[in-house]
Amino acid sequence: MVTGSGPHTDKAQGLASALRRFPTHAAQIHTLIERNESFRGMCEDLACVERALLSVDELPEIIRAARRVEFVQMADSLAAEIERALGQIKVSARKLFE
């Protein structure tokens with residue numbers, strides 16, 4: 001479980017979450033997380049949602065299933081945004097060399 005929080009911890013957790021989802025894009029993720037505040041925020045949000053998903057079983061049974069669905073949808077939506085950002089980097093890089 002997370003033992004601390006702060007800008008460096010949040011960034012590291014966001015980086016880890018993005019790398020788990022997109023391991024083949026490690027170089028782009030490392031670059032973007034350092035240079036792009038919006039991208040870093042998406043990754044940090046993904047890490048936060050993943051932590052919430054891990055703790056969903058601790059919620060009261062009456063809301064557990066609904067929260068699990070909500071957290072999975074949020075994680076998938078953030079992952080799709082991150083994937084789009086990574087795709088834009090590829091397109092931009094290709095245009096530089098055309």
Side-chain angles (χ1 to χ4, degrees):
M1 198 101 237
V2 177
T3 57
S5 185
H8 298 295
T9 303
D10 294 344
K11 184 168 120 180
Q13 291 171 352
L15 175 63
S17 289
L19 291 173
R20 273 193 303 277
R21 293 262 182 162
F22 306 102
T24 60
H25 298 285
Q28 295 99 330
I29 291 169
H30 281 280
T31 298
L32 283 172
I33 216 147
E34 290 298 327
R35 296 182 182 173
N36 186 309
E37 187 175 339
S38 176
F39 183 82
R40 184 172 45 252
M42 285 187 287
C43 294
E44 290 170 358
D45 290 347
L46 177 60
C48 182
V49 171
E50 288 178 344
R51 284 192 308 274
L53 190 54
L54 289 173
S55 65
V56 77
D57 288 334
E58 298 169 19
L59 295 172
E61 188 175 343
I62 194 163
I63 63 168
R64 194 176 301 153
R67 292 297 83 82
R68 182 176 283 116
V69 168
E70 181 182 350
F71 295 151
V72 166
Q73 289 173 343
M74 289 170 67
D76 289 347
S77 177
L78 285 162
E81 285 186 58
I82 291 168
E83 187 172 34
R84 278 192 295 277
L86 292 169
Q88 289 174 349
I89 293 300
K90 280 185 173 181
V91 169
S92 296
R94 238 180 301 160
K95 287 181 180 178
L96 285 174
F97 296 106
E98 287 181 344

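None of these values were measured; they are calculated from a predicted model.
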Can you tell me how far CD of E37 sits from CD1 of I33, rounded to the nearest 0.5 angstrom?
12.0 Å
For the residue pair S77 and Q73, establish whether any side-chain heavy-atom pair is separated by less than 4.5 Å.
no
Which heavy atom in Q28 sits nearest to a heavy atom in L86, and how many Å separate them?
CB-CD2, 3.8 Å
Please confirm whether the backbone N or O of V56 pairs with a side-chain atom of R67, one donor and one acceptor, at under 3.5 Å?
no
Same apolar cluster (I L V M F W Y, side chains within < 4.5 Å links), L59/V69:
no
Decide yes or no for I82 and C43: does some side-chain heavy atom of the first lie under 4.5 Å from some side-chain heavy atom of the second?
yes
For the residue pair L53 and M74, establish whether any side-chain heavy-atom pair is separated by less than 4.5 Å.
no
Mind checking the CZ-CE spacing from R84 to M42? Nearest 0.5 Å is all I need.
8.5 Å
Spacing of CD belonging to E83 relative to CG belonging to L78, to within rounding of 0.5 Å:
12.5 Å
Nearest atoms (heavy-atom pairs only) where F22 meets A79:
CZ-O, 3.3 Å
Give me the one residue out of I29, D45, L46 that meets side-chain contact (heavy atoms from CB on, under 4.5 Å) with S17.
L46
Validation row: Q13, R51 side chains within 4.5 angstrom (heavy atoms):
yes
Please tell me if the side chains of R21 and E50 come closer than 4.5 Å, counting only heavy atoms from C-beta onward.
yes
Provide the closest heavy-atom pair for E44 versus D10 in the form atom of the first, atom of the second, distance.
CG-O, 3.3 Å
Test L32 against R40 for side-chain contact (heavy atoms from CB on, under 4.5 Å), laying out the working first.
CA-CA 7 Å; L32 283 172; R40 184 172 45 252; over 6 Å; no
4.5 Å side-chain heavy-atom contact, E34 and K11:
yes
